[in-house]
There are 2 protein chains.
Amino acid sequence: MKRPKRPTIRDVAEKAGVSIATVSKYVNGQQSFSQGVEERLRDAINELAYSQNSLARAMVTGRTTAIGLAVMDLANPHYSNVVKGANRVALANGYNLFVVDMEESLAAVRPLLEALVPRTDGLIVSARIPKDVTDWLAELDKPVAFLGQPERDDVLTVGTDSVHVAALLAQYLVRQGFKRFGYVGYSRAPSNSDRLQGLKQVLEPAGVELLIFDVDEPTNEAGERAAARVLLHPDRPDVIIGWNDLVAIGMMNEARSLGFRIPDDVAFAGIDNIPVSRYVTPPLTTVDVCSQATGEVVMKKIIALIEGKPQPTGLVLEPALITRESTQRRST
Amino acid sequence: MKRPKRPTIRDVAEKAGVSIATVSKYVNGQQSFSQGVEERLRDAINELAYSQNSLARAMVTGRTTAIGLAVMDLANPHYSNVVKGANRVALANGYNLFVVDMEESLAAVRPLLEALVPRTDGLIVSARIPKDVTDWLAELDKPVAFLGQPERDDVLTVGTDSVHVAALLAQYLVRQGFKRFGYVGYSRAPSNSDRLQGLKQVLEPAGVELLIFDVDEPTNEAGERAAARVLLHPDRPDVIIGWNDLVAIGMMNEARSLGFRIPDDVAFAGIDNIPVSRYVTPPLTTVDVCSQATGEVVMKKIIALIEGKPQPTGLVLEPALITRESTQRRST
DNA sequence: TTCATGGAGGTAAACGCTTTCCTATTGCCG
DNA sequence: CGGCAATAGGAAAGCGTTTACCTCCATGAA
């Protein structure tokens, strides 16, 4: 269909009657040229629609001007926002951002990253990948940053403190007068135990019950499936905290189908503050984990690292409690 | 910080005491080896933690086993789903998918794509990019596919028919008895006029009014901003169609804040059937545009193209009307 | 007129790999 | 034990660039 091979620097040189070195210098704006040469070069490039082969360039310079960002699930708005933030900063600094979706398939993650590494100057990887892969990445010859909770203290990690996030939410809910807490976690995430710790830290001293449930994926659908299990529990919670907003929203929806009034029969809260949490009914109480800022910060840091400026390895962002109607009882 | 240069095939060859050709053959499993060599190779590779430099490989083979997908806005769940579909198919076929977010910044799109082209075996680009870029892409030496409405008939394009999508929705709404239609479009998208055409095609014969408004970006926020303009119009519509679900949801939310009852005072419908449209209150009537299937289909086709199997250039998916409560009046 | 100066433009090596084409060794059969 | 095919392993070219280094010519100062 499209036979014509891409033109190379050699084609341009030939057409313009100069050496390839000259073309290279012209394309990269490295020196000035006599009027004749400059003109011929410009014409040749336009006629051939030449553009640099970034692969070949990267091979010799060792720089790709690209950064890779590997996330667990692009369909999760939390990650979409991280990507947004990262992308803006990358573009503003002249880097391209290549995003790859690991699809929660932890097994296949290594080859995927191996393919990504040589194509980029630095990598941002969402945590929650196998330890051996983490270690391999950390030993790499190029900067790597992680999203989430630090697993090693010698590598750049950006995120909020899960313990703190959970505690923040629990404190507020206790103050609201809730007595029986349900937590629907995602045990495959390492930070699940941190969140539990944060909850217990607040709930135990307050003498409040905590029932723990689990979902097998952090999605709306999993939340819907989990809802009945939680709501029909003999000791039904009066407030349910979802692993994230997606799970909480799924549960809340199902709860309504089952005839529960929210928040009066049962209240819900999530974590992440994804955009839609404002739009569901009732609007969802949640904790803002600075998704977009995370992307921005991690990108700034990794660019600094790429450019040889050493950076502190850990960076924790301050979460913010977002209270909405899903936890505000009229009686209170 | 991380001084050690990545090991190359040469390091492995040296350590194992063989030639680099042998290492290459081993790594790519191209021939059998004597026991001694095989063992030394395996050990050397493990000890050095060697992995191929995919850039160098791509240079010589001319194949990257990667596909690029450039979308307008990754934060739009419609695109997230396209990506999901595409990613699954890519992975299943041994390709990596690199996603880039063009951020609606049409000006900077050309350099971005120029960087992407040499790094991939094929490109999928969401339509709505400048004509000259489209043409440049179409002339490329590698397969390109577009998402959306075909702008040229010699290049693979996958999507739903915008005229049809709009008509489908309009038909249903007319049948529901709505009399004054509002349409809040996104005029910067070429398909906006197709949608208008689809609406008019149905509404004019039915003798139904159509008021047209515009948003400057297809987001929740833009919907919220537009809502007042539409709702306070002297000739207020009894049903409002948003450019997409995001806009519709934003408007609906604002409408409720303004005290309108939905759908009794004013009904809303969107387009795309993004996941959250089920979870808002009331659930949003919309048209499913097969986001995920679009991704799957376009990826299958482009892989076929890469592997030399010619494909039909156009492929239109059948949209499906999704009726929900946001347009179901109790009175009806 | 001469000679240093500087800048335009060229030559060739190198980046890390694959692949074609050889060579040399092995195993097998008669 | 001789001869042949089969096959393990190596040498070298080449993918499209950049870049260090070199040459050459024009310019200007003495």
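Given the structure is predicted, the values throughout are model-derived calculations rather than measurements. Just so it is clear, the values below take in all heavy atoms, side chains as well, and ignore hydrogens, waters and symmetry mates. Here is how names work: the chains are called A, B, and so on, in the same order as the sequence lines, proteins then strands, and each is numbered from 1.
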Let's see if you can work this out: which of [options] has an atom nearest to the side-chain heavy atoms of [X]?
| X | options | answer |
| --- | --- | --- |
| A/Val60 | D/dG9, D/dT18, C/dT18 | D/dT18 |
| A/Met59 | C/dG9, D/dG16, C/dT11 | D/dG16 |
| A/Ala21 | C/dG16, C/dG10, D/dG16 | C/dG10 |

Taking only the side-chain nitrogens and oxygens of [X], find out if one of them lies under 4.0 Å from OP1 or OP2 of [N].
| X | N | value |
| --- | --- | --- |
| A/Gln30 | D/dT19 | yes |
| B/Ser19 | D/dG9 | no |
| A/Tyr50 | D/dT17 | yes |
| A/Asn28 | D/dT18 | yes |
| A/Ser34 | C/dG9 | yes |
| A/Thr61 | D/dT18 | no |

Calculate, to the nearest 0.5 Å, the distance between atoms OG and CG belonging to B/Ser126 and B/Asp101 respectively.
9.5 Å
To the nearest 0.5 Å, what is the distance between CD on B/Glu14 and OG1 on B/Thr8?
8.5 Å
Does A/Lys15 pair with A/Glu47 as a salt bridge, N-O distance under 4.0 Å?
yes
Hey, does [X] reach any base, or is it just sugar-phosphate, or nothing, if we go heavy atoms under 4.0 Å?
| X | value |
| --- | --- |
| B/Ser24 | base |
| A/Leu55 | nothing |
| B/Ser32 | sugar-phosphate |

In whole angstrom, give the distance that lies between atom [atom1] of [X] and atom [atom2] of [N].
| X | N | atom1 | atom2 | value |
| --- | --- | --- | --- | --- |
| B/Glu14 | C/dG16 | CD | C1' | 14 Å |
| A/Phe33 | C/dG7 | CZ | P | 14 Å |
| A/Lys25 | D/dC22 | NZ | C1' | 10 Å |
| A/Arg63 | D/dT17 | CZ | P | 19 Å |
| B/Ile20 | C/dT19 | CD1 | C1' | 11 Å |

What closest approach, in Å, do B/Ile303 and B/Ile67 show between heavy atoms, and which atom pair accounts for it?
CG1-CD1, 3.7 Å
